[in-house]
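Note sheet for the following structure.
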Amino acid sequence: MQPVSEAQAVKRYVCPACGLDVAPGVAHLVVWRADGVLGDAADLSARRHWHQHCWRIGTR
Ligand SMILES: [Zn+2]
């Protein structure tokens, strides 16, 4: 899991937790599987962009 700052957020994503857009310019979190079973490329394609509040709620 890695934070993405407002300046780094240049694309629109869909948050997997709430199904709503993560708009460009909104700080959020990038989450991906780190077990590496399918290799680095697969891990990168499996990244998901979460709202910060959704990640906090989902991992509490
Ligand atoms: Zn969300």
Side-chain angles (χ1 to χ4, degrees):
M1 187 274 287
Q2 180 174 315
V4 176
S5 72
E6 291 90 341
Q8 290 173 300
V10 296
K11 290 177 60 179
R12 181 175 298 274
Y13 304 98
V14 176
C15 171
C18 66
L20 300 178
D21 283 354
V22 180
V26 173
H28 60 277
L29 299 169
V30 180
V31 182
W32 65 93
R33 292 165 56 88
D35 51 27
V37 171
L38 299 176
D40 289 344
D43 287 344
L44 287 175
S45 68
R47 288 191 296 183
R48 294 292 179 264
H49 297 255
W50 292 60
H51 297 114
Q52 290 174 326
H53 59 269
C54 289
W55 179 254
R56 278 202 301 273
I57 293 169
T59 58
R60 187 167 55 200

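The structure displayed is predicted, hence computed values, not measured ones. Both ligands and their constituent atoms are indexed starting at 1 by order of listing.
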Quick check for you: with the Zn ion (ligand 1) as the vertex, what angle do SG of C18 and SG of C15 span, to 10°?
110°

Do the side chains of V14 and V22 join up, straight or via other hydrophobic residues, at under 4.5 Å, putting them in one cluster?
no

The Zn ion (ligand 1) to nearest N/O/S of H53 below 2.8 Å
no

N/O/S atom name from H51 that is nearest to the position of the Zn ion (ligand 1):
ND1

Check the orientation of H49 and Y13. Use parallel for under 30°, tilted for 30 to 60°, and perpendicular for over 60°.
parallel

Spatial distance of atom CD (E6) from atom NE2 (H28) [nearest 0.5 Å]
10.5 Å

Nearest 0.5 angstrom please: R12 CZ to D21 CG, how far?
4.5 Å

